[in-house]
Amino acid sequence: MENSILWLTYIAGSITFILGLKMLSHPESARRGNLVAAGGMTLAILGTIFLYQDSEGNKLHNYLWIFGGILIGTIVGTMAARRVKMTAMPQMVSLFNGMGGACAAIISIIEYQHHHFVSGDWNIVGVILAGLLIGGVSFAGSMIAFGKLNGNVTDKVFPAQSIINMLVLLLTVGVGIYLTFLGEQNMMVLYIMIAMCLVYGVLFVMPIGGADMPVVISLLNSFTGVAAACAGFIYNNQVMLTGGILVGSAGTILTILMCRAMNRSLLNVIIGNFGGGSKAVSADGKERGNIKEISLSDAAVLLSYSKKVMIVPGYGLAVAQAQHTVHELEKLLEEKGVEVKYAIHPVAGRMPGHMNVLLAEADVSYDKLLEMEAANAEFATTDAVIVIGANDVVNPAAKKDSSSPIYGMPILEVEQAQNVIVMKRSMNAGYAGIENELFYEPRTRMLFGDAKTSLQKLTTEVKAN
Amino acid sequence: MEQFLTFLYENKEMVFIIILSVFLGIEIISHVPTVLHTPLMSGANAIHGVVIIGAIIVMGSAEPSNYLALILGFLAVILGTLNVVGGFVVTDRMLEMFKKKK
């Protein structure tokens, strides 16, 4: 009886995960979808605590420990998630992902220690060690990704890194295979394997540049999913299996979609040949024209008398926390009868959809946000474009210069507009480390300074107009 | 090889679930607008927190004398809970903002 009720909670859990993911794919139902999945998760967790029996019919004990752990995790998790700033969201996701990976790795360690070795049971040992490897790499990698996005860890590249990485991975897998077929327990070798997994996780993420972190986090997210599924396999637990594999496959597809948006292959991101900044020079070294600056008052007049203005937000906007200021400017211009829209590049910011989240936080109406194709169709009839802290996503080299590392990446074709105002802190190159021809175009004018300060000043000027 | 086939056959339901879930995951995510990529990644992140169930089982079946299992299990429960609770709360916060639109 109890077993069948537990089984029902697992079925319910699996259904809510599927429904939840499905509902998360529509703006109207997304929030409910998240709650539905959370509800199913709670049900499956409570079911496990009170109804689970092992193969000999023993119930769980150590309730104090279980509830203590859940209580601590809930308090810390809720506080951390509530307090984090919207701009720091990507690293938070990475951090929580790492926790899941570590959890899966620990389960594997205990199960390995627990396992009664009999000859010919290498399959299950293999699954345990796979969970350890994937979970461990996911944990260490997520921590490095967290550190990079948080600014505590810088990119490190050393010679022959990709070869060394490959060797470390092969060696780790080799140790795993050795343990799998050993036929008996060897804790010492297991500890060595744990250390190697962690080292590989660090090496794996270390050379990858900050701009590629979203792809890496998404990839590690799917890793953790697979690690959770390995644990589900060990316990013959259907809800862990469906949850883990769903995330594993969905995460992989999401990763590929992200890579595609940047016109890069996953392999290219992992080997990481342009995150390191070795190509931080202009592609052809040719002398550029002069850049033109625009004064605040000129910019204000230009915007006030435009019919249609398009705002292109980038990471600079997120860093400067300028989403509220930009919304203010937008409202002000709308009052003056100017049509204002936002053009959102799929990979603007640090994660796909990052800009939408930030602008939504500032109450920008959802239908003002145009996706790339829609925006590109409108630039030709746009009087003024304001590029705020974006660089690579508006770089025409992606279309024209086949030698450019970002060649082929779809971009926002802002150069088609009548006027382009680029707000930027300095003439430094963007994340891809390449020059941007857009800045030298005759229609482009630069407005240097911190995005928020500039926007505030600009808003004041527009008010005065 | 024969051993491996036997292993697969013994776990045939699991193998079935895995294969179907792979396709389901791909299907679900292929229709997501870019706007929702970040919340979706975050939501998926919370869902793989289901690994907490494994942690609970480990913790709940650990012998009181097995300190390694007790300590590691306790740690795993905390980490798993962080993943689940933090993941869902962060996702909810992101999506809360989308709700304000008219």
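None of these values were measured; they are calculated from a predicted model. Numbers restart at 1 for each chain; the letters A, B, ... are given by sequence-line order, proteins then strands.
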Item to check | Heavy-atom side-chain contact between Y52(A) and I53(B) under 4.5 Å | outcome: no
Checklist entry - Just how far is it from atom OG1 of T16(A) to atom CD1 of I47(B), taken to the nearest 0.5 Å? => result 7.5 Å
Checklist entry - Nearest heavy-atom pair of F7(B) and V127(A): which atoms, and what distance? => result CZ-CG2, 4.3 Å
Checklist entry - Which region of A37(A), side chain (C-beta onward) or backbone (N, CA, C, O), has a non-hydrogen atom less than 4.5 Å from a non-hydrogen atom of chain B, or is it both or neither? => result both
Next on the checklist: As an exercise: rank L40(B), V22(B), V50(B), N11(B) by heavy-atom pairs under 4.5 Å with chain A and give me the winner.
Outcome noted: V50(B)
Checklist entry - With only heavy atoms counted, which part of Y235(A) is less than 4.5 Å from chain B, the side chain, the backbone, both or neither? => result side chain
Item to check | Part of N236(A) within contact of chain B (heavy atom distance under 4.5 Å) | outcome: both
Checklist outcome for this item: Turns out that what part of M41(A) lies under 4.5 Å from chain B's heavy atoms comes down to side chain
Item to check | Top contributor to chain B contacts, counting heavy-atom pairs under 4.5 Å, from G244(A), S218(A), G47(A) | outcome: S218(A)
Item to check | Where at least one partner belongs to residues 65-90 of chain B, residue pairs that pass side chain to side chain donor-acceptor pair (under 3.5 Å), sequence neighbours excluded | outcome: Q113(A)-N66(B), H48(B)-N83(B)
Checklist entry - Given that the side chain runs from C-beta out, which part of I18(A) has a heavy atom under 4.5 Å from chain B: side chain, backbone, both or neither? => result both
Item to check | Backbone of V90(B) reached by a side-chain donor or acceptor of R82(A) within 3.5 Å | outcome: no
Checklist outcome for this item: Distance col, row S94(A):OG vs N45(B):CG, nearest 0.5 angstrom, shows 8.5 Å
Checklist entry - Counting heavy-atom pairs under 4.5 Å to chain B, which of N221(A), T48(A), I110(A) comes out on top? => result N221(A)
Checklist entry - Is it the backbone or the side chain of A80(A) that comes under 4.5 Å from a heavy atom of chain B, or both, or neither? => result neither
Checklist entry - Can you check whether W65(A) reaches V77(B) side chain to side chain, under 4.5 Å on heavy atoms? => result no
Checklist entry - If you count the non-hydrogen atoms of other residues, nucleotides and ligands that lie under 6.0 Å from CG in L5(B), is the total more than 12? => result yes
Checklist entry - For F181(A), does the CZ atom have more than 12 heavy-atom neighbours from other residues, nucleotides or ligands under 6.0 Å away? => result yes
Item to check | Residue pair N62(A) / M59(B): nearest heavy atoms and the distance that separates them | outcome: ND2-O, 2.8 Å
Checklist outcome for this item: Honestly, the part of H26(A) sitting under 4.5 Å from a heavy atom of chain B is backbone
Checklist entry - Who among I253(A), L358(A), T78(A) has the most heavy-atom pairs with chain B under 4.5 Å? => result I253(A)
Next on the checklist: So for R83(A), is it side chain, backbone, both, or neither that comes closer than 4.5 Å to the heavy atoms of chain B?
Outcome noted: backbone
Checklist entry - For chain A, which of G80(B), G43(B), S61(B) has the most heavy-atom pairs under 4.5 Å? => result S61(B)
Checklist outcome for this item: Shortest non-hydrogen pair, A81(A) vs V89(B), comes out as CB-CG1, 3.6 Å
Checklist entry - Under a 4.5 Å heavy-atom cutoff, which of I52(B), L68(B), I57(B) has the most pairs with chain A? => result I57(B)
Checklist entry - At what distance, to the nearest 0.5 angstrom, does CZ of R31(A) lie from OG1 of T91(B)? => result 11.0 Å
Item to check | Gap separating the CG atom of L8(B) from the CG atom of N123(A), nearest 0.5 angstrom | outcome: 7.5 Å
Checklist entry - Quick one: of I109(A), T224(A), V76(A), who has the most non-hydrogen atom pairs under 4.5 Å with chain B? => result T224(A)
Item to check | Worked check of side chain to side chain contact (heavy atoms under 4.5 Å, CB included) between I106(A) and L79(B) | outcome: CA-CA 10 Å; I106(A) 290 176; L79(B) 294 176; 3.9 Å; yes
Checklist entry - Do you know which of G87(B), G73(B), A62(B) has the most heavy-atom pairs with chain A at a distance under 4.5 angstrom? => result A62(B)
Item to check | Student check: side-chain heavy atoms of F74(B) and I72(A) closer than 4.5 Å | outcome: yes
Checklist entry - What part of L35(A) gets closer than 4.5 Å to chain B, counting heavy atoms only: side chain, backbone, both or neither? => result side chain
Item to check | Closest contact, heavy atoms only, A55(B) versus I107(A) | outcome: N-CD1, 3.3 Å
Checklist outcome for this item: When the 4.5 angstrom heavy-atom criterion is applied to V84(A) and chain B, the contacting part is both
Checklist entry - Taking side chain as C-beta onward, heavy atoms only, is F4(B) less than 4.5 Å from W122(A)? => result yes
Item to check | Spacing of CD1 belonging to I56(B) relative to CZ belonging to F50(A), to within rounding of 0.5 Å | outcome: 10.0 Å
Item to check | Side chain, backbone, both or neither of N97(A) within contact of chain B (heavy atoms, under 4.5 Å) | outcome: both
Checklist outcome for this item: Heavy-atom nearest pair, A76(B) first then C103(A), reads O-SG, 3.2 Å
Item to check | Residue L246(A) versus chain B: region with a heavy atom under 4.5 Å | outcome: both
Checklist outcome for this item: Interface check, chain A: of I26(B), L20(B), L75(B), most non-hydrogen pairs under 4.5 Å belong to I26(B)
Checklist entry - Is chain A contacted by the side chain of A69(B), its backbone, both, or neither, given a heavy-atom distance below 4.5 Å? => result both
Checklist entry - Side chains of L95(B) and L24(A): does their closest heavy-atom pair fall under 4.5 Å? => result yes
Checklist entry - Is the closest side-chain heavy-atom distance between M89(A) and T38(B) below 4.5 Å? => result no
Next on the checklist: What part of L70(B) gets within 4.5 angstrom of chain A, counting heavy atoms only: side chain, backbone, both, or neither?
Outcome noted: both
Checklist outcome for this item: Applying a strict 4.5 Å limit to non-hydrogen atoms, the region of F67(A) in contact with chain B is neither
Next on the checklist: Between I17(B) and chain A, with a heavy-atom cut-off of 4.5 Å, which part of the residue counts as in contact: side chain, backbone, both or neither?
Outcome noted: side chain
Checklist entry - In terms of heavy-atom proximity below 4.5 Å to chain A, should V84(B) be classed as side chain, backbone, both, or neither? => result side chain
Next on the checklist: Nearest 0.5 Å, please: how far is CG in N34(A) from CG in D92(B)?
Outcome noted: 5.5 Å
Next on the checklist: So for atom NZ, which belongs to K85(A), do other residues, nucleotides or ligands contribute more than 12 heavy atoms lying within a distance under 6.0 Å?
Outcome noted: no
Next on the checklist: How close do G100(A) and V51(B) get, counting heavy atoms only, and between which atoms?
Outcome noted: O-CG1, 4.0 Å
